[in-house]
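Following: one structure in structure tokens, then a few remarks.
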Amino acid sequence: MPSPSDPDGRAVADQILRTVLASLDDSKAENTVSLDIQGKSLLADYMVITSGRSHRHVGAVADHLLRTLKDAGFGAARVEGQASADWVLIDTGDVIVHIFRPEVRDFYALEKMWAEDNQAEADTLH
């Protein structure tokens, strides 16, 4: 893939983000937020935070997203936490996705950590 500073790299990141958001919507993930972290971190261009209703739902959302990414030609993403399904992290390289059970999401409050301010104008609720 192109480097993060390459405009085509940003286009790929945007494609991955659209694919991620569509997959999460298909899986009935809840309270999905996307954050543009380009310039804030070298980790990725976007971070997506979402919730599942239970361990089973979190696992199912993660499984569906991984299949969707692979089927869309984005390859295999790195995954952490799938066994416990309290908090699953999926890293595509350009987009990092956090899928939480609601209690775990509230505890870690990643949206607050990554937002520029409490209003977080760049944040998008889906």
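Note that these values count all heavy atoms, side chains included, but never hydrogens, waters or copies made by symmetry. As the structure is a computational prediction, the values presented were derived from the model and not from experiment. All residue numbers in this chain count up from 1 along the given sequence.
- With salt bridges taken as basic N to acidic carboxylate O contacts below 4.0 Å, none links Asp14 and Arg18.
- Looking at Val97, Asp71, Val79 one by one, the single match for side chain to side chain contact (heavy atoms under 4.5 Å, CB included) with Leu66 turns out to be Val79.
- Annotation for Leu69 and Ala77: closest pair CD1-CB, 4.4 Å, computed over non-hydrogen atoms.
- Remark: the backbone N or O of Gln15 is paired with a side-chain donor or acceptor of Thr19 at under 3.5 angstrom.
- Of the possible donor and acceptor atoms, none in the side chain of Ser51 sits under 3.5 Å from a partner among the backbone N and O of Arg101.
- Annotation for Ala62 and Gln82: closest pair CB-NE2, 4.2 Å, computed over non-hydrogen atoms.
- Applying the side chain to side chain contact (heavy atoms under 4.5 Å, CB included) test between Ile99 and each of Ile49, Leu89, Ile90 identifies Ile90 as the sole match.
- Note: Thr50 OG1 to Lys28 NZ = 12.5 Å, rounded to the nearest 0.5 Å.
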Assess the residue pair Trp87 and Leu110 against the criterion (side-chain contact (heavy atoms from CB on, under 4.5 Å)); give the C-alpha distance rounded to whole Å, side-chain angles, the decisive distance to 0.1 Å, and a yes or no. CA-CA 12 Å; Trp87 174 2; Leu110 290 183; 4.0 Å; yes

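- Closest approach of Thr68 to Ser23, counting heavy atoms only: OG1-OG, 3.4 Å.
- Between Arg105 and Val33, the closest side-chain pair of non-hydrogen atoms falls below 4.5 Å.
- Classified by interplanar angle (parallel below 30°, tilted 30° to 60°, perpendicular above 60°), the ring pair Tyr108/Phe100 is parallel.
- Scanning all heavy atoms of the two residues, the minimum distance from Thr32 to Leu24 falls at CG2-CD1, 3.9 Å.
- With rounding to the nearest 0.5 Å, the separation of CZ in Arg10 from CD in Gln38 is 4.0 Å.
- Within the model, atoms CD1 of Ile37 and CD1 of Ile96 stand 5.0 Å from one another, a figure rounded to the nearest 0.5 Å.
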For Asp86 and His55, run side-chain contact (heavy atoms from CB on, under 4.5 Å): C-alpha distance rounded to whole Å, both residues' side-chain angles, the deciding distance at 0.1 Å, then the answer. CA-CA 6 Å; Asp86 273 334; His55 294 283; 2.6 Å; yes

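- Taken to the nearest 0.5 Å, the CG atom of Leu17 stands 10.0 Å off from the CG atom of Leu35.
- Taking both residues in full, the closest heavy atoms of Pro102 and Gly52 are given as CD-O, 3.0 Å, listed atom of the first, atom of the second, then distance.
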